[in-house]
Amino acid sequence: MKKVALFGAGRIGRIHAANLCALAGVELVAVSDPVASSCAELAQMHGARVDSIDNIFADPGIDAVVIGSPTTTHSDLIIRAARAGKHIFCEKPVDLSAVRAQACAEAVAGAGVTCMIGFQRRFDPTFNQAKMRLDRGDIGNPEMLVITSRDPGAPPVDYIKNSGGIFRDMLIHDFDVFRWMLCGDGDEAAWLSATGSCLTDPAIAQAGDMDCTAVTIRTKKGRLCQINTTRRAAYGYDQRFEVIGSTGMLQCGNHRPSEVTQADAQGTRVDNPEAFFLQRYAQAYRLEIEHFFEQLQTGGVFRTTIEDGVRAQVLADAAAQSAASGQAVEF
């Protein structure tokens with residue numbers, strides 16, 4: 001039985017808590033969050049205790065920690081967990097800077113523990129099917145990736161102020177998808193250009209962020225990736241990508257509440273995409289936690305590591321730099 005502590009009793013913490021408690025051989029024993037009421041409620045819901053960060057790291061009975069707390073706390077908790085000999089599952093991103101993320105990776109390596117980063121899109125069954133076919137050679141050599149990643153609305157401005165910006169907070173997933181789909185054979189980004197605007201809410205610009213972005217990446221082998229992002233998709237959570245290869249194309253579309261198409265004299269109608277990431281990636285969140293503990297148990301290979309988190313962070317930092325300066329970044 002693996003005993004686990006959870007940091008964070010907010011929206012993502014609640015998802016992970018429910019998924020942890022559904023796993024055989026895993027026991028959620030402690031929850032920590034500075035918001036006492038949320039922490040107590042979540043702990044009581046799942047039969048865990050409320051505890052402090054210090055007590056959790058000092059407890060030799062706790063085997064692993066799940067970090068679902070705000071981004072600004074991730075790197076400190078990763079380093080402390082590594083020093084305490086705890087295995088780590090951490091939500092993205094590792095940190096708000098690549099330098100600090102690399103320090104976390106070094107701490108993890110030095111301690112000999114596992115740290116998996118929550119890039120849940122790698123566990124989405126639809127995206128995984130595309131990856132399997134790509135690796136099988138169904139479309140030949142991959143040459144271009146086009147990612148559409150659009151939220152139905154922006155988070156609160158108070159959140160945006162501490163998020164690190166749209167490239168580090170939102171596009172970090174897309175940078176990981178780029179590496180996952182195009183860089184499996186050791187290829188990596190060689191050139192990146194990013195630009196952005198604030199078109200949906202002036203308050204976002206006042207907070208120093210953007211809400212619409214366009215990113216182009218060229219790899220060392222000349223492969224291309226284009227990412228378009230907005231925080232205002234009035235029709236739902238729009239998550240699509242397509243890979244163009246030398247002999248064909250793989251296309252991943254949106255998930256919808258139902259797959260019914262209605263056609264009548266007034267026209268043809270289908271459901272809009274799922275409302276938000278909580279619905280779209282519900283299965284992926286469950287599968288990634290299952291994978292983490294399966295690999296801990298069997299000693300298998302983890303699908304995402306802290307090194308993936310570092311490399312995605314390097315791309316996010318480069319995109320922020322490019323958008324701010326108007327100049328492309330070379331690696």
Side-chain angles (χ1 to χ4, degrees), residues 2-20 23 26 28-34 42 53 56-57 62-123 162-164 168-173 175-177 179-180 277 281 284-296 301-317:
K2 295 289 186 184
K3 296 185 181 294
V4 186
L6 171 67
F7 295 111
R11 183 169 59 181
I12 198 66
R14 289 173 179 271
I15 291 172
H16 289 316
N19 288 333
L20 285 166
L23 292 178
V26 175
L28 177 61
V29 297
V31 180
S32 182
D33 192 292
L42 186 62
I53 295 173
I56 286 171
F57 287 137
I62 292 176
D63 304 294
V65 298
V66 172
I67 300 173
S69 50
T71 295
T72 52
T73 68
H74 289 184
S75 59
D76 180 61
L77 290 172
I78 288 172
I79 290 172
R80 291 189 64 183
R83 290 173 177 167
K86 315 295 186 189
H87 296 293
I88 306 155
F89 176 95
C90 183
E91 270 300 321
K92 61 76 192 171
V94 177
D95 191 70
L96 295 180
S97 83
V99 172
R100 180 71 170 167
Q102 182 59 45
C104 290
E106 291 169 2
V108 166
V113 298
T114 292
C115 181
M116 178 174 154
I117 302 301
F119 289 125
Q120 88 280 5
R121 296 181 193 186
R122 294 199 187 202
F123 296 86
N162 298 304
S163 70
R168 297 181 181 93
D169 177 55
M170 185 174 169
L171 274 82
I172 195 81
H173 284 294
F175 293 132
D176 183 64
V177 168
R179 294 192 60 252
W180 181 44
F277 74 93
Y281 292 117
Y285 281 118
R286 177 177 59 80
L287 291 172
E288 68 177 357
I289 285 290
E290 285 184 4
H291 173 81
F292 176 68
F293 286 101
E294 284 174 359
Q295 304 318 304
L296 280 184
V301 177
F302 288 82
R303 198 176 299 177
T304 66
T305 67
I306 193 166
E307 291 298 334
D308 293 311
V310 172
R311 290 184 181 272
Q313 193 66 52
V314 168
L315 294 173
D317 284 4

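Under the side-chain hydrogen bond (donor to acceptor under 3.5 Å, both in side chains) criterion, S69 pairs with T73, not counting sequence neighbours. Here F277 pairs with nothing under the ring-ring contact (aromatic ring centres under 6.0 Å, His included) rule; sequence neighbours left out. Remark: S75 engages D95, R100 in a side-chain hydrogen bond (donor to acceptor under 3.5 Å, both in side chains) (not counting sequence neighbours). Residues passing the salt bridge (Lys or Arg N to Asp or Glu O under 4.0 Å) test with R303, sequence neighbours excluded: none. Remark: F89 pairs with H16, F292 by the ring-ring contact (aromatic ring centres under 6.0 Å, His included) rule, at least two apart or across chains. Listed by chain and residue number, F7 satisfy the ring-ring contact (aromatic ring centres under 6.0 Å, His included) test with F57 (two or more places apart in sequence, or in another chain).
The minimum heavy-atom distance between G8 and L42, with the atom names listed, is O-CD2, 4.2 Å.
Rounding to the nearest 0.5 angstrom, the gap separating the CD atom in E288 from the CZ atom in F119 is 10.5 Å. Separation of atoms NE2 (H291) and CG (L296) is listed at 9.5 Å; rounding is to 0.5 Å. To the nearest 0.5 Å, atoms NZ (K92) and CD1 (I117) are separated by 11.5 Å. Rounding to the nearest 0.5 angstrom, the gap separating the CD1 atom in I12 from the CD atom in Q120 is 7.0 Å.
Side-chain contact check for Q295 versus M116: every heavy-atom pair is 4.5 Å or farther apart. Contact check for I67 versus E91: no side-chain heavy atoms found under the 4.5 Å cut-off. Using a 4.5 Å heavy-atom cutoff, the side chains of L28 and K3 are not in contact. The closest side-chain heavy-atom distance from I306 to C104 is below 4.5 Å. Looking only at side-chain heavy atoms (C-beta outward), K86 and V113 stay at 4.5 Å or farther from each other. For the pair Q313 and I172, the minimum side-chain heavy-atom distance is below 4.5 Å. Counting heavy atoms from C-beta on, the side chains of W180 and T304 never come closer than 4.5 Å. Within the 4.5 Å cutoff, the side chain of V65 has no heavy atoms near those of the L77 side chain.
Between R179 and D308 there is a salt bridge, with a side-chain nitrogen of the basic residue lying less than 4.0 Å from a carboxylate oxygen of the acidic one.
Of the possible donor and acceptor atoms, none in the side chain of T71 sits under 3.5 Å from a partner among the backbone N and O of S163.
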